[in-house]
Visitor: 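What follows is a structure written as structure tokens; I'll ask about it next.
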There are 2 protein chains.
Amino acid sequence: MTHVTRMLGRMAAGAKKDRPRLSRDVLVTAAIALADAEGLEAVTVRRLAQLQGVAPTALYWHFRDKEQLLDGMAEHLFTEVVLPEARPDDWAGELRDVLAAVVAVVRPHPEVARLMPTRVLASPAGLRLTDRALGLLRAAGLPAGPIGGIGLFLLSSSVAMVAAEPGRRLPKDPQEREDAVRVKHASFMALPPRDFPAVVAFADQLSDCVDPDDYYAFNLDLLVTGIERTAARLHEPA
Amino acid sequence: MTHVTRMLGRMAAGAKKDRPRLSRDVLVTAAIALADAEGLEAVTVRRLAQLQGVAPTALYWHFRDKEQLLDGMAEHLFTEVVLPEARPDDWAGELRDVLAAVVAVVRPHPEVARLMPTRVLASPAGLRLTDRALGLLRAAGLPAGPIGGIGLFLLSSSVAMVAAEPGRRLPKDPQEREDAVRVKHASFMALPPRDFPAVVAFADQLSDCVDPDDYYAFNLDLLVTGIERTAARLHEPA
DNA sequence: ACCTGAACACCGTTCAAGT
DNA sequence: ACCTGAACACCGTTCAAGT
């Protein structure tokens, strides 16, 4: 933890005067790094201030309250999503690109992902993504009524996919990680196969993500295919 | 807030001796009610103790720490899901029933929903749901490799659907709610239509859930249809 | 404009002690 | 077995004051 502090902070030994000026962005970035390293609950006003070599109350010049700091963390990741180029006559492919772009940015930050499903509409960056998604759903020919809710769900579930990735939050040290996975695996294998046949059968997949790329590819396809099929059914009704 | 306290607690005026004995279940239920009424951040060890007319440290007889209390809240909702009966020769319909059963239980508790995507595998009740879902995916004929990750995602995104419902966390008082919705709607309409054409077009749907039942029905169909189509493609390849 | 210092109410948790 | 009381380290936030 001292070791982590040294990596995240910037005050090795009393370099107190020449502190690079504070800013919203510096604080948000540091908060995300802190969440990545030690989890969301380690992100406290006082801890963050200490890492910047500043009084806790200094943060309140840049944020109205802690909630706004958390909003800023979510917004920052939404901002970093690079929107794919348009694909005329292939709304499904483009939609997949949009969701994949979101996943690509969020994947390295599974802890921050937990903040995002409820904040899609809370920033211009999130709205930009929402707008793109809704436009594509309209292009798909879906009925106008449910489009808003569907678009919101697509973005939310894409980030939820990251938060729910099996094996997220396991120790990153390979040694410790292996041990933790084994313990988890054993706990599944200890279940009565009579009551949990499938959990026992797929214990390895639930203990850790066997192939993360496959996990994301398959589930993104699932979402896009669902939209595609629903749209297709509108044109060739039962 | 005093008013809420009176409803959630059980000490109107000094009824101190005849306090119905504490238990894990009583505490978990009270915690869920508190989250429903005032949000997840209102759920503190001390607040909960006060509502039960008990010393804060009393909770530590029943829970190792606060994390375990939160685990208990998520577990409690998973426990309340009533599994649908089997549908031989209709795995898709049965899968939809399972996910719908989860949604039905979680819908009244959107705040608690935020705890659940990361806790699907953390309790027997969650594992029971997972087992059922995985069994159905196997019945669908999906390749074994990604089934674990898909099942986990289906359950996670079902509860994420609740957490992301547009208009969640709005005041329940109809008067206040209407005001809040109007403000939200206006903020969307104030966006430049050049940059946010779709958000402007669907502003009403994003401000509040026009028809919650439709929201859930459509998005659940989306998930199930996605699985169905993917499975079908395996039998009639390109 | 940007930050400090003191102060306040509240938080999770421990541990020894009571019944 | 179940709960209290005292104590500790930490938390978010306010406000007046400094530069």
Side-chain angles (χ1 to χ4, degrees), chain A residues 1-2 4-5 8-11 14-32 34-35 37-74 111 114-115, chain B residues 1-2 4-5 8-11 14-32 34-35 37-74 111 114-115:
Chain A
M1 44 171 62
T2 317
V4 170
T5 299
L8 294 169
R10 52 180 166 195
M11 300 212 13
K16 202 156 202 166
K17 264 288 146 59
D18 49 356
R19 174 180 45 71
R21 239 235 285 70
L22 226 52
S23 74
R24 256 188 85 98
D25 205 64
V26 164
L27 287 167
V28 163
T29 304
I32 292 174
L34 184 52
E38 304 187 27
L40 215 48
E41 73 289 352
V43 178
T44 69
V45 171
R46 299 181 103 103
R47 184 78 196 284
L48 212 46
Q50 174 198 325
L51 289 173
Q52 301 298 320
V54 105
T57 50
L59 301 216
Y60 287 84
W61 178 259
H62 303 275
F63 299 95
R64 193 160 40 74
D65 54 20
K66 189 186 174 180
E67 187 66 17
Q68 242 190 48
L69 170 67
L70 300 178
D71 291 347
M73 293 168 70
E111 285 291 297
R114 291 162 50 195
L115 299 172
Chain B
M1 43 169 65
T2 318
V4 169
T5 299
L8 293 169
R10 51 176 167 199
M11 302 213 10
K16 202 156 201 167
K17 262 291 146 56
D18 49 356
R19 173 179 47 70
R21 238 234 290 67
L22 226 53
S23 74
R24 256 188 85 97
D25 206 63
V26 164
L27 287 166
V28 163
T29 305
I32 292 174
L34 184 52
E38 304 186 28
L40 216 48
E41 74 289 352
V43 178
T44 70
V45 171
R46 299 181 104 103
R47 184 80 196 284
L48 212 46
Q50 173 199 326
L51 289 172
Q52 301 298 321
V54 104
T57 50
L59 301 217
Y60 288 84
W61 179 259
H62 303 275
F63 299 95
R64 194 161 40 73
D65 53 20
K66 189 185 175 180
E67 187 65 18
Q68 242 189 49
L69 170 66
L70 300 178
D71 291 348
M73 294 168 69
E111 283 292 296
R114 290 162 50 194
L115 298 172

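Just so it is clear: chains get the letters A, B, ... in the order the sequence lines come, proteins before strands, and each one is counted from 1.
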Visitor: Rounded off to whole Å, could you give me the CG-to-C1' distance for the B/L48 and D/dC3 pair?
Guide: 15 Å
Visitor: Relative to the 5' end of DNA chain D, which residue comes earlier, A/A42 or A/R64, by the nucleotide with the nearest heavy atom?
Guide: A/A42
Visitor: Taking atom C1' of D/dC11 as reference, at what distance in whole Å does atom CG of A/D65 sit?
Guide: 14 Å
Visitor: I'd like to check A/L59 versus A/V54 (side-chain heavy atoms, cut-off strictly below 4.5 Å). Are they in contact?
Guide: yes
Visitor: Does any part of the side chain of A/E67, heavy atoms only, come nearer than 4.5 Å to the side chain of B/E41, both counted from C-beta?
Guide: no
Visitor: Paired with C/dT19 by Watson-Crick or G-U wobble geometry, both distances under 3.5 Å: which nucleotide is it?
Guide: D/dA1
Visitor: Rounded to the nearest Å, what distance is computed from the CG atom of residue A/L59 to the P atom of nucleotide D/dC11?
Guide: 12 Å
Visitor: Using Watson-Crick or G-U wobble geometry with both distances under 3.5 Å, which nucleotide pairs with C/dC8?
Guide: D/dG12
Visitor: Does C/dC3 have its OP1 or OP2 closer than 4.0 Å to a side-chain nitrogen or oxygen of A/H62?
Guide: yes
Visitor: Side-chain N or O of A/R47 less than 4.0 angstrom from OP1 or OP2 on D/dC10?
Guide: no
Visitor: Specify the separation, in whole Å, of atom CD of A/E41 and atom P of D/dC10.
Guide: 15 Å
Visitor: Counting only N and O atoms by type, is there a donor-acceptor contact under 3.5 Å from the side chain of B/D71 to the main-chain atoms of B/A74?
Guide: no
Visitor: From C-beta outward on B/Y60, which listed nucleotide comes closest to its side chain: D/dT13, C/dT4, C/dG12?
Guide: C/dG12
Visitor: What is the distance, to the nearest angstrom, from the NZ atom on B/K66 to the P atom on D/dC10?
Guide: 18 Å
Visitor: Rounded to whole angstroms, how far apart are CH2 on A/W61 and P on C/dG5?
Guide: 18 Å
Visitor: Return the nearest nucleotide to the side chain of A/R46; candidates are C/dT13, C/dC3, C/dA7.
Guide: C/dA7
Visitor: Are OP1 or OP2 of D/dC3 and a side-chain N or O of B/R19 less than 4.0 angstrom apart?
Guide: yes
Visitor: Please check: side-chain N/O of A/D25 versus main-chain N/O of A/V28, any donor-acceptor pairing under 3.5 Å?
Guide: no
Visitor: Once you round it to whole Å, what is the distance between P of C/dC11 and CD of B/E67?
Guide: 18 Å
Visitor: State which of C/dG12, D/dC3, C/dC3 makes the closest approach to the side chain of A/R21.
Guide: C/dC3
Visitor: Taking A/G39's backbone N and O only, do any of them form a donor-acceptor pair with A/E111's side chain (distance below 3.5 Å, no angle check)?
Guide: no
Visitor: B/T57 near the nucleic acid: base, sugar-phosphate alone, or nothing, with a heavy-atom cut-off under 4.0 Å?
Guide: base
Visitor: Quick one: B/R24 CZ to D/dA1 C1', roughly how many Å, whole number?
Guide: 17 Å
